[in-house]
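Working notes, beginning with the structure itself.
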Amino acid sequence: MSDRYEAQQIEAKWQQKWDAAGIDAARDDDDRESYYCLVMFPYPSGNLHMGHVRNYCLGDAVARYKRMRGFNVLHPIGWDAFGLPAENAAIKHHRPPAEWTYSNIDQMRSQLKRLGLSYDWSREIATCRPEYYRWEQWMFTRLMEKGLAYQAEAEVNWCDPCHTVLANEQVVDGVCWRCDTPVIKKNLKQWFIRITDYAEELLADLDKLTGWPEKVVGMQRNWIGKSSGAEVSFGIEGSDETLDIFTTRPDTLMGVTYMAVAAAHPLAQKAAENNPELAVFLDECSRISTKEADVETMEKKGMATGFHAIHPISGELVPVWVANFVLMGYGTGAVMSVPAHDERDFDFARKYGLRIQQVIKPADGDWDIESAAFTEAGILINSAQFDGLASADAKQAIIEWLSENDKGSERVQYRLRDWLVSRQRYWGSPIPVIHCQDCGEVAVPDDQLPVILPTHLQPTGGASPLNECDEFRHTTCPKCGKAAERELDTFDTFMESSWYMNRYTSARNEQAMVDAEAMNRWAAVDQYIGGVEHAVLHLLYARFYHKLMRDAGLFTSEQGGDEPFKNLLTQGMVLKDGTKMSKSKGNTVDPKAIIENFGADTARLFTLFAAPPEKELEWNDAGVEGGFRFLKRVWRLLERLDLCEGEDEAAAVKQVRRTIHATIQRVTHAFEHGFAFNVAIAALMELANALQDYKPAGTSGKAAYREGVEALATMLAPFVPHFACELAERLGMAEIAVVAGWPEVDEAALVQDEITLAVQIQGKRRGEIIIAKDAGQDEALAAAQADDSINKWLDGMQIVKVILVPGRLLNVVVKPQ
RNA sequence: GCCGGGAUGGUGGAACUGGUAGACACAAGGGACUUAAAAUCCCUCGGCAGCAAUGCUGUACGGGUUCGACUCCCGUUCCCGGUACCA
């Protein structure tokens with residue numbers, strides 16, 4: 001056995017041992033309390049990057065700590081294996097996507113194993129396997145039965161020469177990425193899932209997510225975008241049709257002086273028919289970006305349509321304008337405009353000389369409506385029978401009036417749209433639907449699931465090869481038995497990643513999507529860790545899907561919870577030279593090189609030490625070496641175990657034991673509150689430094705030293721498990737470090753007889769005194785006065801006030817005598 | 001614009017609930033060992049003044065509260081993330 005720290009050897013040895021001992025498996029037959037630690041599963045791109053390494057080292061530290069704490073830990077991993085990159089790679093390499101995907105998985109699996117991550121590999125999943133996606137097909141047919149899945153026309157990016165739909169990222173500057181042809185918008189029938197039916201619950205349950213970063217909760221809240229108000233029907237002069245709008249300020253209804261509609265609104269389109277100038281304007285509007293960056297600087301423009309709307313209460317006629325800032329995609333594509341009480345309407349009215357009618361005034365005082373809009377709540381004026389009401393009451397009264405007169409109603413509006421799950425792509429789960437001439441859209445019955453995706457097809461970049469695959473396409477209708485065709489679209493890959501956390505609880509289950517008992521044991525996820533880029537879409541869909549599974553009766557609220565993730569940690573990005581690592585910038589760092597040079601433990605240590613988990617991590621090669629040096633320093637502590645010349649020194653022993661137990665306290669705190677591993681590792685470094693400086697003299701000195709090194713080895717295990725195990729073995733510890741119990745704090749060791757107290761005069765630090773730990777204020781003051789360097793500040797002064805903060809400081813407030 | 005987060009040495013970052021600012025590390029400089037290099041070890045390391053003891057000053061900026069403020073309050077600037085011109 002070498003006496004040097006040989007990372008490669010040690011890591012190979014322990015990985016083998018752990019594997020043989022099966023210590024990483026989560027047990028389904030166990031009384032211990034369970035803990036579910038989940039990291040966001042990777043897309044099998046072929047190579048692990050630093051972001052993965054960081055994510056998985058964080059998760060592994062948590063999982064290992066919990067195991068050492070005696071929990072039965074579920075720490076699974078798998079592959080989010082469907083998606084576009086596989087198709088692109090398939091085109092490039094002329095190999096089917098399945099082949100590429102599976103070989104990438106093999107490669108990345110071995111990279112993960114090389115890092116020594118403690119996954120339960122028996123639960124590994126790959127979403128592209130029929131055993132997995134059959135269950136989301138099954139779920140989809142349940143949703144069809146419930147009316148929660150439906151078909152509707154939706155706009156897609158279409159490339160005519162390629163005869164295919166393009167994802168947004170395949171549209172580069174408005175042209176197709178492959179053939180440079182301008183992309184056109186086309187309406188296709190697509191499948192949707194009614195996430196909007198769950199908008200209210202998804203919003204309300206955000207309050208339960210106390211273990212989530214507020215930032216993410218806020219982002220989801222904005223995304224759902226609830227606003228309450230009223231829907232109001234305006235008449236259209238000379239027409240039987242109505243112009244319906246949504247407003248959050250029904251109290252300002254009497255102040256409407258014009259209406260504004262989107263360019264795509266039917267009324268605008270109709271007006272343009274015999275108004276060429278307007279037609280040009282509409283065309284212009286249709287081409288502007290709706291992205292916020294452009295919008296910020298965009299000039300607000302409008303044009304009158306010539307139509308007039310009839311005010312539902314006063315019957316007054318107001319002009320209908322087209323405005324470039326009204327969006328067809330939100331609400332009804334039309335708004336009422338109240339320039340007196342809305343800034344944007346105010347600016348618009350000013351620009352085009354439209355009337356401004358004040359109908360609200362501040363509760364106290366007046367408002368100069370000529371100079372600015374009054375957007376606060378207030379008291380109604382110029383509003384006929386509603387005069388004198390406060391805004392809140394007026395909202396109610398006006399909604400009531402509208403309801404009674406059939407001109408509108410109370411209404412809640414969400415920004416959230418239904419989830420479009422159809423993708424006109426090959427490498428995804430088939431949508432389990434059969435199109436029959438007579439029966440329409442028929443769900444594939446359970447006994448015919450899964451609908452297996454043929455894996456031998458070769459994508460070309462044009463239409464999905466499923467279109468050409470006759471044996472897939474042609475089938476018979478499950479209802480009437482006549483010839484029919486399969487749905488050729490596949491699911492959005494968010495469909496797979498929305499429920500994988502629950503599948504892990506019974507990953508090999510062939511009877512059901514999940515097992516209620518297993519959910520009861522493991523769900524919900526105690527700690528979920530991943531990138532903040534998933535703050536909205538993935539995390540929202542997963543929350544939604546969890547509720548769908550619950551409502552499909554797969555588990556109850558008690559068994560699986562209403563929310564899938566109790567605690568969420570969003571880790572920061574890994575940067576190099578201040579920017580995100582990316583191949584195109586050429587600033588990537590290959591984890592493989594670090595592992596080869598220094599070992600997996602050094603790679604793990606550095607990623608955890610260099611920054612707090614939620615912050616960005618600036619990669620620093622020199623810092624990596626620093627981590628390696630630390631491990632070598634700890635290693636050398638072994639050489640001094642038997643050094644025991646000289647006599648026992650009680651004070652020194654007490655001192656070192658205090659450091660040991662204070663460190664246990666600090667490191668434990670990091671695991672229990674917020675995962676500040678950078679600080680925990682710093683504390684371990686301090687302990688190592690203290691042990692290095694300590695001379696283990698005599699029996700008790702030697703024992704204290706050993707206690708320290710053992711505690712250090714044990715606490716290092718979640719971070720650098722191979723190293724810790726080897727150290728523990730060489731120390732002759734009974735259990736290998738990764739399953740050893742977490743060290744307990746010996747409170748007695750923390751107690752000090754004498755403490756150092758900082759002394760302040762007027763709040764400025766002037767010195768320190770050593771004093772009995774339970775000394776009172778008078779004693780402390782006396783000690784301070786006995787110290788010349790402190791007392792010189794008190795000389796000739798009158799003591800006004802003395803503040804003693806026990807264990808910390810003494811502050812003396814004085815004034816000249 | 002709005003919502004969220006942030007600003008601490010040359011750098012990454014510490015500082016519990018208002019109680020010794022700069023832990024731990026990186027970089028830099030100096031020294032020891034060595035034929036030499038690597039490795040390792042020791043010392044210095046916010047700024048200003050000083051040989052030193054020490055003093056003053058310092059947590060983006062301006063105020064305030066307090067015996068005491070990186071921490072709390074008011075205002076300002078800048079940076080990052082999110083976003084919806086959302087009626």
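None of the values given here were measured: they were computed from a predicted structure. Every chain is numbered from 1, with letters handed out A, B, ... down the list of sequences. These numbers come from the heavy atoms of this one structure, side chains and all, not from hydrogens, waters or symmetry mates.
Side-chain contact check for A:R633 versus A:Q692: some heavy-atom pair is nearer than 4.5 Å.
One atom, CG of A:L809, and another, C1' of B:A21, lie 13 Å apart when rounded to the nearest Å. Spacing between atom CD of A:E686 and atom C1' of B:A15 amounts to 12 Å, rounded to whole angstrom units. In this structure, A:L804 atom CG and B:U20 atom C1' are separated by 14 Å, rounded to whole Å. Going from atom CZ of A:F677 over to atom C1' of B:A23 covers 19 Å, rounded to whole Å. Atom P of nucleotide B:G1 and atom CG of A:N222 are separated by 17 Å, given to the nearest angstrom. Following rounding to the nearest Å, A:M685 (CE) and B:A14 (P) show an atom-to-atom distance of 14 Å. If you take CE of A:M219 and C1' of B:C2, they are 14 Å apart, rounded to a whole angstrom. Atom C1' of nucleotide B:C24 and atom CZ of A:F719 are separated by 14 Å, given to the nearest angstrom.
The list of side chain to side chain donor-acceptor pair (under 3.5 Å) pairs with a residue in residues 789-806 of chain A, not counting sequence neighbours, reads A:D787-A:S789. Within the structure, every pair that satisfies the side chain to side chain donor-acceptor pair (under 3.5 Å) test and touches residues 754-765 of chain A, not counting sequence neighbours, is listed here: A:R765-A:E768. Sorted by first then second residue, the salt bridge (Lys or Arg N to Asp or Glu O under 4.0 Å) pairs that include residues 212-230 of chain A, not counting sequence neighbours, are A:E200-A:K226, A:D207-A:R221.
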Could I get a table of every N or O pair under 3.5 Å where one atom is in the protein and the other is in nucleotides 66-71 of chain B?
from	atom 1	to	atom 2	distance (Å)
B:C67	O2'	A:N811	ND2	3.4
B:C67	O2	A:N811	ND2	2.4

What nitrogen or oxygen pairs link the protein and nucleotides 42-44 of chain B at under 3.5 Å?
none

Might you list the N or O atoms of the protein lying below 3.5 Å from N or O atoms in nucleotides 4-13 of chain B, with each pair's distance?
from	atom 1	to	atom 2	distance (Å)
B:G12	O2'	A:A610	O	2.6
B:G13	OP1	A:K615	NZ	3.4
B:G13	O3'	A:N678	ND2	3.3

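The side chain of A:R633 contributes no N or O atom lying less than 4.0 Å from OP1 or OP2 of B:C24. Distances shown here put every side-chain N or O of A:R666 at or beyond 4.0 Å from the OP1 or OP2 atom of B:C16.
Using a 3.5 Å distance cut-off with no hydrogens or angles, the side chains of A:S233 and A:D244 do pair a donor with an acceptor.
With sequence neighbours excluded, the residues that form a salt bridge (Lys or Arg N to Asp or Glu O under 4.0 Å) with A:R543 are A:E563. The salt bridge (Lys or Arg N to Asp or Glu O under 4.0 Å) test applied to A:R350 returns A:E370, not counting sequence neighbours. Partners of A:Q777 under the side chain to side chain donor-acceptor pair (under 3.5 Å) rule, at least two apart in sequence or in another chain, do not exist in this structure.
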Item to check | Protein proximity profile, nucleotides 47-60 of chain B - base contact B, sugar-phosphate-only contact S, no contact -, cut-off 4.0 Å on heavy atoms | outcome: --------SSS---
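Nucleotides B:G10 and B:C72 place their P atoms 25 Å apart, quoted to the nearest Å. Annotation: B:A60 and B:U8 have their P atoms spaced 7 Å apart (nearest Å). For the C1' atom pair drawn from B:C45 and B:A28, the interatomic distance equals 8 Å after rounding to whole Å. Distance noted for atom P between B:G30 and B:U20: 36 Å (whole Å). Spacing between B:G29 and B:A39 at atom P, rounded to whole Å, works out to 15 Å. On the C1' atoms, B:A87 is 27 Å away from B:G81, given to the nearest whole Å. As rounded to the nearest Å, B:U34 and B:U40 have C1' atoms that lie 11 Å from one another. The separation of B:U17 from B:G68, taken at their C1' atoms, amounts to 15 Å, rounded to a whole angstrom.
Checked against B:A39, B:U20, B:G19, the side chain of A:E768 finds its nearest nucleotide in B:U20. Nearest nucleotide to the A:R808 side chain, out of B:C16, B:A39, B:A87: B:C16.
The distance between the ring centers of A:F348 and A:Y258 falls below 6.0 angstrom. Under the 6.0 Å cut-off for aromatic ring centres, A:W619 and A:F606 qualify, their centroids lying closer than that. In summary, the aromatic rings of A:Y5 and A:F723 are positioned with their centroids under 6.0 Å apart.
The backbone N or O of A:G572 lies less than 3.5 Å from a partner atom in the side chain of A:R54, making a donor-acceptor pair. Put simply, the side chain of A:D251 never gets that close to the backbone of A:A377: no donor and acceptor are under 3.5 Å apart. One N or O on the side chain of A:Y352 and one on the backbone of A:G302 form a donor-acceptor pair closer than 3.5 Å. With hydrogens and angles disregarded, no donor-acceptor distance shorter than 3.5 Å links the side chain of A:D342 to the backbone of A:V338.
Contact annotation for A:N689: backbone-only contact, meaning every heavy-atom pair under 4.0 Å involves sugar-phosphate atoms and none involves a base. When heavy atoms are screened at a 4.0 angstrom cut-off, A:R221 is found touching no nucleic acid atom at all. Among the heavy atoms of the strands lying under 4.0 Å from A:G626 are primed sugar atoms or P, OP1, OP2 only; no base atom is included. The residue A:V326 sits close to a base: some heavy atom pair falls under 4.0 Å.
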Would you list the atom pairs, donor with acceptor, under 3.5 Å between side chains in residues 667-678 of chain A and any protein atom, with sequence neighbours excluded?
from	atom 1	to	atom 2	distance (Å)
A:T668	OG1	A:I664	O	2.6
A:T668	OG1	A:W742	NE1	2.9
A:E672	OE2	A:Y65	OH	2.5

Checklist entry - Run the side chain to side chain contact (heavy atoms under 4.5 Å, CB included) check on A:M336 and A:L243 step by step: do they pass? => result CA-CA 10 Å; A:M336 67 180 209; A:L243 182 57; over 6 Å; no
Checklist entry - Do A:M715 and A:L687 pass the side chain to side chain contact (heavy atoms under 4.5 Å, CB included) test, and can you show the C-alpha distance, the side-chain angles, and the key distance before you say yes or no? => result CA-CA 11 Å; A:M715 288 190 284; A:L687 175 58; 4.3 Å; yes
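In this structure B:G9 sits in the syn conformation; its chi angle is within 90° of 0.
Figure legend: cation-pi geometry between A:R415 and A:W223, with NZ or CZ positioned under 6.0 Å from the six-membered ring centre and within 45° of its axis.
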Checklist entry - Pairing of RNA chain B as dot-bracket, 5' to 3': ( ) intra-strand, [ ] crossing, | other strand, . unpaired, with Watson-Crick or G-U pairs under 3.5 Å? => result (((((((..(((......[....))).(((((.......))))).((((....))))..(((((..]....))))))))))))....
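Taking the nucleotide of RNA chain B with the nearest heavy atom to each of A:A758 and A:R636, the more 5' of the two is matched to A:A758.
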